[in-house]
Every structure is written in C-alpha cells, then in structure tokens.
Engineer: 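First, the structure itself, so that you have it in front of you.
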Amino acid sequence: MGTVQYLMDGFATALQWHNILFALVGVIIGTAVGVLPGIGPMSGVALLIPVTATITSGMPTEAAAASSIILLAGVYYGAMYGGSTTSILLNTPGESSSVVTALDGYQMAQQGRAGAALSISAIGSFVAGIISLIGLVLLAKPLSSIALEFGPAEYFSLMLLGLCAVSGLAGKSVTKALIMTVLGLMLGTIGIDAVSGIARFTYDIPVLYGGIEFLTIAVGLFAIGEVFKTILEREADDEPIAKISRIMPTKQDLKDSAKPIARGSLLGFFIGVLPGAGATLASFFSYITEKKVSKKPDSFGKGNIAGVAGPESANNAASGGAMIPLLTLGIPGSGTTAILMGALIMYNVQPGPLLFNDHPDIAWGLIASMFIGNLVLLILNMPLVKIFAKIIQTPKKYLLPIIIAISFFGVYAVQYSTFDLYLLIACGVFGYLFTKNDYPVAPLVLALVLGPMIENNMRRALTISNGEWSVFVTSPLSLIFLIIAIAWIVVPLILKLLGRNVVINEEE
C-alpha cells in the first residue's frame with residue numbers, strides 16, 4: 001500500500017500544470033536530439049541544465065529540483081525514441097543504441113515499409129517505457145541490492161559475453177564477424193591509457209590522445225558508407241524510389257512484433273539496471289536474442305520487423321532501468337544518468353538510499369512524470385510517422401546532401417575537429433568496402449564501445465586480486481558468464497563440423 005500511495009503523491013506532483021509543460025518540452029527536445037546524429041541524450045541533457053536552472057530560479061528549491069529533473073529526464077528518454085527515426089529512414093544512427101535498428105529498419109524503408117517500421121518502433125518504445133517504469137516502481141529496492149553484487153570481474157565476464165554474442169550478428173561468416181570484433185577492440189585501445197597515463201598507438205598525433213570517438217566511426221560506417229554505395233553502384237537510370245504503401249503496421253506486423261517487444265522490454269530493463277551496461281548493450285543483446293529464437297534467422301538484416309521491435313524496446317527499457325541504480329544507490333549507470341545525478345546534486349538533492357525518504361516528492365514525481373512523458377511521446381510520434389516516412393521518398397539527388405550535412409554537422413558538433421571529418425570520410429569508404437565484401441560492421445561498432453570497458457574492468461579485477469587471474473572463475477556469476485561466452489562461440493562450430501561430417505558420410 002505504501003508504494004501505491006507514494007506513486008499517487010508522485011502523480012500529484014507530476015500533474016501540476018508547469019510539470020506537465022516541462023515533461024512536454026523535455027520529450028519534444030529529446031526527440032529532436034535523438035533525430036540529429038551527434039548531439040545524443042548526453043549532450044542534450046548537459047546543454048539544458050543551465051537553461052532549466054534559469055527557468056526554475058524563482059521556485060522553491062524542492063519544486064525547482066522536481067521540475068528540472070522532470071524536463072531533463074524527458075530529454076533522456078525522448079532521445080531514445082527519436083534515435084530510431086534517422087536509423088530507419090537514412091541508415092544514420094541518431095545515437096549509439098540506434099545502430100542495431102538500422103540493420104533491419106533501413107532495409108524495411110527500402111522495401112517501402114518505412115511507415116510500419118516507424119510505427120512499431122514508437123509502439124515498442126512506449127510499451128518498453130511503461131514496462132520499465134512498472135519494474136522501477138516494484139523492483140527498485142531488491143534489484144539495486146543485486147546490482148551491488150557485481151564487481152569488476154563480473155562486469156568483465158558479462159561484457160566478454162556481449163562480445164562473443166556478436167558472432168550472432170555475423171553475415172554469412174563467423175570468422176569475418178570475429179575479425180571485425182578484433183578490429184573494433186584494436187581501435188578502442190588508441191589514446192591515453194586510463195591507468196598508466198601512457199599514450200598508446202597515437203604516433204605523436206595530439207588529436208589521437210583522447211581516443212577515437214565512437215560516433216565518428218558509427219556514422220561513417222553506416223551513413224557515409226551508404227552514400228558511397230548509392231553513388232558508386234548507381235545504375236544508368238536512377239532506381240525507383242520505394243513507394244510507402246501504408247503508414248500503420250498491419251495485423252501481421254503487430255503479431256510478429258508482440259513477442260520481440262515483450263522480450264526486448266524485459267531484457268533491456270534488467271541490462272539497464274547494471275551500471276555501465278547501458279542501452280547500446282541492451283539493444284545488441286535483444287537483436288541477437290531475436291535472431292536466435294526466430295524460425296527464419298536468415299531474414300535478419302533484410303527487413304525483419306522483429307529486428308526493429310526488439311532492439312527499440314530494449315534501448316528504451318534500459319533507459320528506465322538505468323534510473324534504478326541512480327535513484328536508489330546514487331550510482332549513475334551511464335554518461336547521461338551521471339549528468340542527471342549532477343543536476344540533482346546542484347539542487348542539494350543527494351541520489352542514493354535516502355532519496356526516497358528525504359525527497360519523496362522528487363523521486364516519485366520523476367517516476368510519475370515518466371509515465372506521462374511516455375504517453376505524450378506516443379501521442380506526438382504516431383501522427384509524425386506520416387511526415388517522417390515521406391523523407392524516404394525524397395529523390396536521391398536531394399537526400400544524399402542532406403545525409404552528408406547531418407552527418408558532418410553531428411560529428412563536428414561533438415568533436416570540434418577537422419580530423420574527425422577526415423576520419424568520417426575514411427570510415428565511409430571502409431564501410432562501403434566492408435559491406436560490399438560481407439564483413440559485418442555492427443561487431444566493430446560494439447567492440448569499440450565495449451573494448452575500453454572490458455579492459456578497465458579486467459585491470460580493476462586484477463588489481464583487487466593482486467594479479468591473480470583466478471578471480472574471473474572463483475566468482476560464480478563471472479564463471480557462469482564466461483561458460484556461456486565460450487559456449488556461444490564453440491557450440492555453433494561443433495554443430496557445423498558435425499553437419500559437415502554427416503554430409504560427407506551420406507556422400508560416401
């Protein structure tokens with residue numbers, strides 16, 4: 001009864017007219033931030049902190065903190081919603097967790113099913129948002145205590161499992177997927193080593209000291225790679241533009257998406273609870289899961305709606321799950337939640353075990369506002385699907401300059417360096433060559449994200465254990481993750497060999 005009463009009080013805070021307005025403004029800005037590659041939820045939230053501080057300056061501290069955090073959280077999950085739009089329409093991921101959506105979403109758009117892909121991603125995001133919020137209300141306390149059990153060794157093994165599972169994203173060849181994974185890990189080592197402070201693979205080029213920006217690689221490989229493909233492989237007459245037959249998903253689309261949305265929501269929520277795992281890992285895991293359980297795994301990467309529904313639900317559910325360690329433990333699970341934590345501290349509100357006791361209005365007001373915000377996002381986005389879907393019908397000669405402009409603007413807005421623009425073009429060339437020769441680019445992108453996190457957790461675990469490698473197998477959780485990771489690689493190889501032997505025996 002206590003939880004329900006607190007939630008009702010939270011709705012009383014969230015339904016004040018100015019807080020509804022803050023939630024509305026937050027989700028609209030968030031959607032715009034998600035659509036533009038490069039800005040991303042982290043930059044969007046950071047840019048708006050001084051703005052919200054100015055707007056709420058005349059309010060009492062407690063009310064100002066509640067209103068500010070409602071607006072900033074709106075930007076956060078609004079960006080998760082918006083990131084899918086350009087992934088589906090232009091093969092340009094708005095932010096890192098939308099990379100996976102591009103794999104099938106863009107193919108659906110090419111087949112004239114952009115409307116269905118956009119509608120399903122909006123519905124999936126809404127369902128996932130609501131499921132993760134129900135989870136947040138019910139499981140905040142018990143789940144936060146489980147997340148505390150995760151040490152560096154467990155994180156290392158979990159992320160290693162994530163990398164091994166990438167072989168599930170392979171095109172026709174697991175070997176090619178592993179080559180791309182290793183390439184991503186190598187790129188992830190460039191820059192100043194966080195532990196020793198030594199420059200690695202920088203060749204005295206100052207701009208490389210900060211490492212290679214993930215966004216530059218992702219936008220280059222996906223968006224600019226697609227531009228090169230369109231220019232270089234154009235037939236004598238321009239290919240006909242895919243006609244968009246209908247905007248809303250068919251009954252079959254809804255049926256095919258229902259289970260992936262449910263699976264993605266639950267998977268994303270539990271991965272979001274783990275600090276550091278985040279929405280990107282959740283969307284990759286969801287895509288791999290859908291491919292494993294599908295009766296037609298070969299259709300993934302060719303416009304399978306489950307490849308849009310699952311990952312889109314997972315990345316939105318993860319943003320709800322990430323609120324648990326932030327609010328109950330004071331541990332930010334991602335860069336964006338770290339900025340949200342900074343905003344709370346700015347108002348003298350300390351996230352952590354005492355937040356729900358000391359500042360229940362803020363904690364429960366935020367949770368209630370997320371219910372309202374998700375509903376607003378669905379109401380806003382469904383009518384916009386029609387407008388967004390028209391983008392794909394723009395002739396290529398107009399569309400390609402727009403994609404290039406958005407990509408260059410996005411990357412330069414984050415890095416402020418011309419080096420990254422040259423790198424963007426280089427990645428575009430490589431992206432085209434990789435795709436042409438069936439080298440999957442998704443494993444490279446995930447390895448680049450996970451590589452530094454794997455290395456940091458490995459070194460922390462070894463520091464704690466005085467260099468004893470056994471630390472990774474003495475922890476039961478870590479051992480389970482490692483066994484699953486090895487099985488993920490080894491079992492398909494054994495099945496392949498057995499299959500080959502059966503064929504040889506039959507021929508004899």
Side-chain angles (χ1 to χ4, degrees), residues 2-3 5-27 29-30 33 40-79 132-133 136-137 139-141 143-145 147-148 272-273 275-276 278 319-373:
T3 304
Q5 187 55 52
Y6 278 129
L7 192 59
M8 289 299 106
D9 293 344
F11 273 107
T13 303
L15 287 169
Q16 290 170 6
W17 71 267
H18 59 273
N19 285 339
I20 293 174
L21 188 65
F22 277 122
L24 181 66
V25 170
V27 295
I29 293 172
V33 158
M42 200 159 128
S43 316
V45 172
L47 287 169
L48 282 171
I49 286 179
V51 178
T52 55
T54 310
I55 296 168
T56 59
S57 57
M59 295 172 140
T61 310
E62 192 90 354
S67 299
S68 296
I69 207 72
I70 283 169
L71 189 147
L72 297 173
V75 175
Y76 177 30
Y77 52 88
S132 73
L133 284 168
L136 181 58
V137 171
L139 302 173
K141 289 287 192 299
L143 275 179
S144 56
S145 57
L148 272 180
V273 171
S319 64
M323 288 289 178
I324 286 185
L326 172 70
L327 297 176
T328 58
L329 304 174
I331 299 172
S334 64
T336 316
T337 47
I339 293 168
L340 287 174
M341 182 174 169
L344 279 170
I345 291 167
M346 196 172 84
Y347 289 99
N348 291 325
V349 176
Q350 181 62 50
L354 298 175
L355 176 69
F356 285 84
N357 295 329
D358 294 352
H359 304 281
D361 282 4
I362 294 172
W364 291 102
L366 169 62
I367 292 169
S369 79
M370 289 170 79
F371 278 103
I372 296 162

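Hydrogens, waters and symmetry mates are skipped; everything else that's a heavy atom, side chains included, is used.
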Engineer: What is the distance from atom CG of L48 to atom CD1 of I29, rounded to the nearest 0.5 Å?
Structural biologist: 5.0 Å
Engineer: For a side-chain contact (heavy atoms from CB on, under 4.5 Å) check, start with the C-alpha distance between I372 and F11, then their side-chain angles and the critical distance, and finish with the verdict.
Structural biologist: CA-CA 9 Å; I372 296 162; F11 273 107; 4.3 Å; yes
Engineer: Would you name the heavy atoms of A53 and M346 that are closest together and state the gap between them?
Structural biologist: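 Nearest heavy atoms, A53 then M346: CB-CE, 4.0 Å.
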Engineer: Are P351 and L327 close enough that some pair of their side-chain heavy atoms sits under 4.5 Å apart?
Structural biologist: no
Engineer: Can you check whether I55 reaches V51 side chain to side chain, under 4.5 Å on heavy atoms?
Structural biologist: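 They are in side-chain contact.
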Engineer: Are any non-hydrogen side-chain atoms of I69 and Y347 less than 4.5 angstrom apart?
Structural biologist: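 When only atoms from C-beta onward are counted, Y347 and I69 do not touch, as no gap falls below 4.5 Å.
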Engineer: Going through the distances and angles, do L366 and I362 end up as a side-chain contact (heavy atoms from CB on, under 4.5 Å)?
Structural biologist: CA-CA 6 Å; L366 169 62; I362 294 172; 5.5 Å; no
Engineer: After noting the C-alpha distance and the side-chain angles of L7 and W364, does the key distance pass the side-chain contact (heavy atoms from CB on, under 4.5 Å) rule?
Structural biologist: CA-CA 6 Å; L7 192 59; W364 291 102; 3.9 Å; yes
Engineer: Side chains of L340 and M323, heavy atoms from C-beta outward: is any pair under 4.5 Å?
Structural biologist: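 L340 reaches M323 side chain to side chain.
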Engineer: For Y76 and T337, which I'm curious about, is there any donor-acceptor pair between the side chains at under 3.5 Å?
Structural biologist: no
Engineer: In Å and rounded to the nearest 0.5 Å, what is the CE to CG distance from M370 to L136?
Structural biologist: 6.5 Å
Engineer: Is there a side-chain contact (heavy atoms from CB on, under 4.5 Å) between T52 and F22? Walk through the geometry before answering.
Structural biologist: CA-CA 9 Å; T52 55; F22 277 122; 5.6 Å; no
Engineer: Enter the distance from S369:OG to L133:CG here, rounded to the nearest 0.5 Å.
Structural biologist: 8.5 Å
Engineer: Under 3.5 Å, is there a donor on one side chain and an acceptor on the other for D361 and T13?
Structural biologist: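 Judged by distance alone, the side chains do not pair up.
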Engineer: Examine distances only and state if a side-chain atom of S68 and a backbone atom of A65 form a donor-acceptor pair shorter than 3.5 Å.
Structural biologist: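 Side chain of S68 to backbone of A65: no pair is present.
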Engineer: State the CG-CG distance between L21 and L71, to the nearest 0.5 angstrom.
Structural biologist: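 One finds 9.0 Å between CG of L21 and CG of L71.
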